[in-house]
Amino acid sequence: MTTDTTGTVARDGESRPRGPADSPFIRACRRRPGPHTPVWFMRQAGRSLPEYREIRATVPMLESCRRPDLVTEITLQPVRRHGVDAAILFSDIVVPVAAAGVDLDIVPGTGPVVAEPIRTAADVERIRLITREDVSYVDEAVRQLVVELGDTPLIGFAGAPFTLASYLVEGGPSRTHAKTKALMYGNPELWHALCGRLAEVTLAFLRVQIDAGVSAVQLFDSWAGALSEADYRRFVLPHSTAVLSGLADAGVPRIHFGVGTAELLGAMGEAGADVVGVDWRTPLDVATGRIGPDKAVQGNLDPTVLLAPWPVVEAEVRRILEQGKAAPGHVFNLGHGVLPETDPEVLTRVVALVHEVSSRRADQG
C-alpha cells in the first residue's frame, strides 16, 4: 500500500487522484516545479460570463454571497468554461464586516456603501468578532465546492485591514482616500484600533474557509497603493502581518495582492505571504528582485490587453511567462480583475496558451 500527498491510500500500480495538494497551482505557490505554469484569473467568477449575469439578474450581490447554492455554481462556472488551474470562492471582501454587524450594502454600479462610517472609538467597538456560525453559508459553500472540484484547488479570500478600513471610513469607494488618510494621520490610536479589529475579523473569516477545506487563501489589499512605503510600514504592515502570520500554522499557501504597489512590493513580501501578487505596472523579473528569492509571484497581464487583437494578447502572455521564469514560482494571472467587457473565449484561449507555452516534459521535473 502507498499513500499519496493528500492521504489517499491505493494499491501500488493503481491510478489515483493526486489531490489539490499536488496540483500545478499549489506546486507553484510552494516554489516547486510542475507540469506547466498554473493560471487563474481574479474576478474569473463574475461579470464577463453570461451564465453569471443570468444568475445575478434578479439576485442582489450580498444575497448571492450568502446562498451556498449560488456561491457553488458561480465559483464552478469559470472552471468548467476556461479550464483554469484553480477556483476562487465567489464572495465579496465586505461579507465578513457585514457579518460583524456593520450596516452596509453593495450598490450596483457603485460598490460597498456603509450606512454609518467609522468616526469614533465607539464605532470601532460596534464591530464585533465573528464566529463560524456568523458565516455558516461560507462554510457550507466551501465544503460543497471541495467535493465538486475534486483535484482542482479552491482559493479562499478576504480583504486586507487597510482596504476594509478605507471602505468603512469613507463610507464607500474613494479615489483619494482623503478621509481614510485624515484619520490615519490625525488619530493614529483610533486607526490602529480599527485595523486591529478588522485584522481579527479577517483572520477568523479566513480560518473558517481553511477549516472548511480551501487549498490556499488570498488577502486583497486593493487600495494599499495609495500609500507611501513609510506610511505602509507604519499604518498597514503590522495588521496585514497579523492576518498572514496568524495563518502560518494553517498549512495552506498565502497570497498577498494589491494594486499600484510597485514601491511596496518589498514590504508586502515581509507580511508573511508565500506568494506576492503583482499588478501590470511592474515586470515580474523586476518584482522578483524587490520581493526576494523566497517568494513565488502571481500575475500580471494588464486586463485591458484582453480587449486587443489576439496576436497582441499572445505576445503579452509569452512576455509575462518569460519574465516569470525569474521567480522561484509563478502563477499566471491578470494584474487586476477581469473586466466585464472581456470576451470569455479570449480567457479560454489564454489558459490554453499558458499551458502550451509553459508545458514541461515529465522527465524534466
Side-chain angles (χ1 to χ4, degrees), residues 62 65-66 91-106 111-136 138-139 156-174 177-211 217-224 226-227 231-250 254 256-258 267-268 271-273:
L62 271 178
C65 294
R66 291 167 174 159
S91 189
D92 190 273
I93 64 170
V94 298
V95 164
V97 291
V102 176
D103 184 4
L104 58 84
D105 192 17
I106 302 176
V113 176
V114 180
E116 297 182 19
I118 299 296
R119 296 288 181 268
T120 67
D123 295 335
V124 173
E125 286 301 313
R126 285 197 291 271
I127 304 173
R128 58 184 178 82
L129 301 182
I130 64 171
T131 65
R132 188 194 65 80
E133 287 69 29
D134 293 315
V135 287
S136 59
V138 172
D139 176 85
F157 80 92
F162 173 79
T163 291
L164 292 177
S166 182
Y167 278 118
L168 297 186
V169 172
E170 300 287 342
S174 171
H177 308 281
K179 294 175 183 176
T180 303
K181 291 183 178 183
L183 176 62
M184 191 176 73
Y185 295 134
N187 193 339
E189 182 177 354
L190 179 59
W191 172 260
H192 285 296
L194 172 59
C195 287
R197 177 60 56 88
L198 292 173
E200 291 179 290
V201 170
T202 299
L203 181 57
F205 187 55
L206 290 173
R207 279 285 183 185
V208 168
Q209 297 174 58
I210 291 168
D211 291 345
V217 293
Q218 176 157 311
L219 189 67
F220 284 85
D221 210 351
S222 305
W223 307 135
L227 301 174
D231 285 345
Y232 178 87
R233 288 185 177 278
R234 179 183 176 190
F235 295 110
V236 178
L237 183 58
H239 306 292
S240 294
T241 300
V243 176
L244 292 167
S245 297
L247 298 173
D249 64 344
R254 298 153 294 171
H256 196 18
F257 171 74
M268 290 180 70

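Note: hydrogens, waters and symmetry copies are ignored here, and every other heavy atom, side chains too, is used.
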Colleague: Restricting to non-hydrogen atoms, name the atom on Asp139 and the atom on Arg132 that form the minimum distance, rounded to 0.1 Å.
Modeller: OD2-NH1, 3.5 Å
Colleague: Please round to the nearest 0.5 Å and tell me the distance separating atom CG of Leu198 and atom NE2 of His239.
Modeller: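 It is 9.5 Å, given to the nearest 0.5 Å.
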Colleague: Of all heavy-atom pairs between Arg66 and Ala98, which one has the smallest distance, and what is that distance?
Modeller: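 Shortest heavy-atom contact: NH2-CB, 3.6 Å.
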Colleague: If you measure from CD on Glu200 to CD1 on Ile130, what distance do you get to the nearest 0.5 Å?
Modeller: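 Atom-to-atom, Glu200:CD and Ile130:CD1 are 11.0 Å apart.
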Colleague: Please evaluate residues Leu190 and Arg119 with respect to the criterion side chain to side chain contact (heavy atoms under 4.5 Å, CB included), reporting the C-alpha separation (whole Å), side-chain torsions for both, the decisive distance (0.1 Å), and the verdict.
Modeller: CA-CA 9 Å; Leu190 179 59; Arg119 296 288 181 268; over 6 Å; no
Colleague: Please evaluate residues Leu62 and Asp92 with respect to the criterion side chain to side chain contact (heavy atoms under 4.5 Å, CB included), reporting the C-alpha separation (whole Å), side-chain torsions for both, the decisive distance (0.1 Å), and the verdict.
Modeller: CA-CA 8 Å; Leu62 271 178; Asp92 190 273; 5.6 Å; no
Colleague: If you round to the nearest 0.5 Å, how far is CG of Leu183 from OG of Ser166?
Modeller: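 Ser166 OG to Leu183 CG: 10.5 Å, rounded to 0.5 Å.
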Colleague: For Asp123 and Thr120, which I'm curious about, is there any donor-acceptor pair between the side chains at under 3.5 Å?
Modeller: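 Their side chains do contain a donor-acceptor pair, which is all the 3.5 Å distance test asks for.
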Colleague: Mind listing the closest non-hydrogen atom pair of Arg126 and Glu116 along with its distance?
Modeller: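 Result for this residue pair: NH2-OE1, 4.2 Å.
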Colleague: Does the pair Met268 and Phe257 meet the rule for a side chain to side chain contact (heavy atoms under 4.5 Å, CB included), with working shown?
Modeller: CA-CA 8 Å; Met268 290 180 70; Phe257 171 74; 5.8 Å; no
Colleague: Decide yes or no on side chain to side chain contact (heavy atoms under 4.5 Å, CB included) for Leu194 and Ile127, but give the supporting numbers first.
Modeller: CA-CA 9 Å; Leu194 172 59; Ile127 304 173; 3.8 Å; yes
Colleague: Check whether any side-chain heavy atom of Phe220 lies under 4.5 Å from a side-chain heavy atom of Thr163, and answer yes or no.
Modeller: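 A side-chain contact is absent here, since even the closest heavy-atom pair is not under 4.5 Å.
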Colleague: If I compare all heavy atoms of Pro173 with all of Gly111, which pair ends up nearest, and what's the gap?
Modeller: CG-CA, 4.4 Å
Colleague: Do you know which two heavy atoms are closest between Gly171 and Pro117, and how far apart they sit?
Modeller: CA-CG, 3.8 Å
Colleague: Would you say the side chain of Ser91 lies within less than 4.5 Å of the side chain of Phe157, judging by non-hydrogen atoms?
Modeller: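 Sidechains of Ser91 and Phe157: in contact.
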Colleague: How many angstroms lie between OH in Tyr232 and CG in Asp221, if you round to the nearest 0.5 Å?
Modeller: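 Reported to 0.5 Å precision, the distance equals 6.0 Å.
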Colleague: Indicate yes or no: does Asp134 engage Arg128 in a salt bridge with an N to O separation below 4.0 Å.
Modeller: yes
Colleague: If you define the side chain from C-beta out and look only at heavy atoms, does anything of Trp191 sit under 4.5 Å from Tyr185?
Modeller: no
Colleague: Indicate yes or no: at least one non-hydrogen side-chain atom of Pro188 is less than 4.5 angstrom from one of Arg234.
Modeller: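 SC-SC contact between Pro188 and Arg234 confirmed.
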Colleague: Pick one: which of Leu219, Thr202, Leu206, Val217 meets side-chain contact (heavy atoms from CB on, under 4.5 Å) with Leu244?
Modeller: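 The side-chain contact (heavy atoms from CB on, under 4.5 Å) with Leu244 is passed solely by Leu219 among Leu219, Thr202, Leu206, Val217.
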Colleague: Would you mind reporting whether Lys181 and Asp231 have side-chain heavy atoms less than 4.5 Å apart?
Modeller: no
Colleague: Which heavy atom of Gln209 sits nearest to which heavy atom of Val138, and what is that distance?
Modeller: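 That closest heavy-atom pairing would be CG-CG1, 3.8 Å.
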Colleague: Say you draw a straight line from OG of Ser245 to CZ of Arg254; how long is it, rounded to the nearest 0.5 Å?
Modeller: 6.5 Å
Colleague: What orientation do His177 and Trp223 show, parallel under 30°, tilted 30 to 60°, or perpendicular over 60°?
Modeller: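 Plane angle between 30° and 60°, so tilted.
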Colleague: Rounded to the nearest 0.5 Å, how far apart are OG1 of Thr241 and NE2 of His256?
Modeller: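 Output value for this atom pair is 7.5 Å.
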Colleague: Check whether any side-chain heavy atom of Leu104 lies under 4.5 Å from a side-chain heavy atom of Tyr167, and answer yes or no.
Modeller: no
Colleague: Inspect the surroundings of CD in Glu133 and state if more than 12 heavy atoms from other residues, nucleotides or ligands are less than 6.0 Å away.
Modeller: yes
